Protein chains: 2
Amino acid sequence: MMKVDEAVGAIETCSSTEELKNTLQGIIEDYGFSSFNMLDAGNPHVDVPFYIGTTPENWVSTYISNGFVHVDPCVARVRRSNTPFSWGDVDVPKYEGTGRKSGAWKTMEAAQDHGFREGFVVPFHYTDPLGRVYSSSSAFYWTDPVKKYRFLLSRKRYDLHLIMIYWAQRAIDIVAEQHRNRQGILEAQQDPRTAITLTDRERDVLSWAARGKTVADTAGILFISESTVETHLRHAIAKLGASNKTHGVVKAIYLGLIDV
Amino acid sequence: MMKVDEAVGAIETCSSTEELKNTLQGIIEDYGFSSFNMLDAGNPHVDVPFYIGTTPENWVSTYISNGFVHVDPCVARVRRSNTPFSWGDVDVPKYEGTGRKSGAWKTMEAAQDHGFREGFVVPFHYTDPLGRVYSSSSAFYWTDPVKKYRFLLSRKRYDLHLIMIYWAQRAIDIVAEQHRNRQGILEAQQDPRTAITLTDRERDVLSWAARGKTVADTAGILFISESTVETHLRHAIAKLGASNKTHGVVKAIYLGLIDV
DNA sequence: ATTCAATCTCCCGATTTTTCGGGACTGGTT
DNA sequence: AACCAGTCCCGAAAAATCGGGAGATTGAAT
């Protein structure tokens, strides 16, 4: 079996989502899983979130058409958790044999019907270069006897976690890069000669401006006069080639010059 | 040397922050590091963030009294990254040899002065059970020759990453539990990502504002009166709970409501 | 020791822009 | 009928922008 650092190395050399998908499929088959998928779990109200995976088409379409994203107990847990878990460990409100089945219950039942006896889910929370936060859910699907799964997991749980973290990261990077290339937002500024450098104070006033503070507020916070804040702000806006405070703040954020 | 799963096992049995601290100190000494710390890196405007670590008291006080939290390039990188890195790989705005030193440069210089030759930083982004998102920065400090560090890292980088993830998680869990006991249960807030819906026009005016356009500019572009643009802007700012145009634009970007 | 450039600090006055509180009319949808 | 999105207006107060100027401090280079 492939070692963890070999697996991660293989993942990190991938340059397309297709390649990435095949690489991971190879790795997890090694461990005994049948397929996997990874989806953006950030927003419960989106019907068809971002998705990559190798699970059979009929399972994907069942999942989507039944709106399981909204009720899947695994996805719900992923949003509030950081530790990997098995399907078997998720507590689904017991079906009492009477009344209506809960959405969570239906989801798990449908997975069983598709031959998935167990699954290993890895939550991954991450920030993009703008500092925006996302959550993703990755699942490995198991079709063999559960007993074998238990044995595997007792020994390889951390390996799987680590591999999935690096895989998810790589997937995000590739998608983000494609998006950047399509939109052409952030080129140009790579040349160190033209690179913009703000002073500490300029960054300070921009950061506070980004948080909605007025000049007067910022002056109070930084313990300097309003005139000084205005001066820093003017210099920063000029350096950034922006046309006003709002534009300056947005540019600074996109260039990674300030955090908010 | 302790195996990874043993280390993680040891971490997961800890029940107090003190115990946790000692456990990790033992583990990293095994790897050759001198000390470590972990701090909340959520936002750059907090003076004394949550902190646990074993770094010498004089380094901690230097770090705090100089306000390095605000300018530390490692912390800045952690906020927008998910992959571990070494201090040596952080690009500090080159010191041009003239004028003042930037805060980032001063921070790295001070670390050197305290005998830290290298460091390994692990970002960790996580959600608590209420769905709130945090970022933490963990650093392992190295005082031996750098060459030995490079060698260690080439072989143990993933082990260190994994250990730190589980450690950070355990630290958060313990602190959260103590906090709950003291303060009672905090109510979960609505996820702002799903709660706010802007109308098409509101998004339009915000997008143009993000590009630096004034109300008059936007009115010309959208072919509507200035009054209308103002109205849309006011509504958008109110919906976003922002305090002015700049704040509104920043919030909208972070919530993924507008693209620029 | 001197010079130099960058940074940080502060002020003035005039103009432009934003912000805030109202209100009002239209055209769809539910 | 009620609601929402979109459109438009008024007036006054608050804030930002612009283009100057100017002294203090700092760290590096000659």
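A quick note: this is a predicted structure, and the numbers were derived from the prediction, not measured. Protein chains get the first letters and strands the later ones, always in sequence-line order, with residue 1 at the start of each.
Taking for each of A:Arg234 and A:Lys213 the nucleotide of DNA chain D with the nearest heavy atom, the 5'-most of the two is the partner of A:Lys213. When the nearest nucleotides of DNA chain D are assigned to B:Asp200 and B:Ser227 by heavy-atom distance, the more 5′-ward of the two goes with B:Asp200.
A sub-4.0 Å separation between OP1 or OP2 of D:dC4 and a side-chain N or O of B:Thr199 is absent. Taking 4.0 angstrom as the limit, B:Ser225 places a side-chain polar atom (N or O) nearer than this to OP1 or OP2 of D:dC8. For B:His235 and D:dA5, the shortest distance from a side-chain N or O to OP1 or OP2 is not below 4.0 Å.
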Stepwise side-chain hydrogen bond (donor to acceptor under 3.5 Å, both in side chains) check, A:Ser61 with A:Asn58:
CA-CA 5 Å; A:Ser61 58; A:Asn58 65 341; over 6 Å; no

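How far NE2 of A:His125 is from OH of B:Tyr134: 12.5 Å, rounded to the nearest 0.5 Å. To the nearest 0.5 Å, atom CZ of residue A:Arg211 and atom OG1 of residue A:Thr218 are 11.0 Å apart.
Closest to the B:Arg201 side chain, of the nucleotides C:dC10, C:dT7, D:dT7, is D:dT7. Comparing D:dA16, D:dT7, D:dT17 by their closest approach to the side chain of A:Thr214 singles out D:dA16. The side chain of B:Thr228 lies closest to D:dT7, out of C:dC20, C:dC10, D:dT7. Of the candidates C:dT19, D:dT7, C:dT9, C:dT19 carries the atom nearest the B:Ile237 side chain, counting heavy atoms from C-beta on.
In this structure, A:Asn244 atom CG and C:dT19 atom P are separated by 10 Å, rounded to whole Å.
Taking the ring centre of B:Phe85 as origin, the terminal cationic atom of B:Arg77 falls inside the region bounded by 6.0 Å and 45° from the ring axis.
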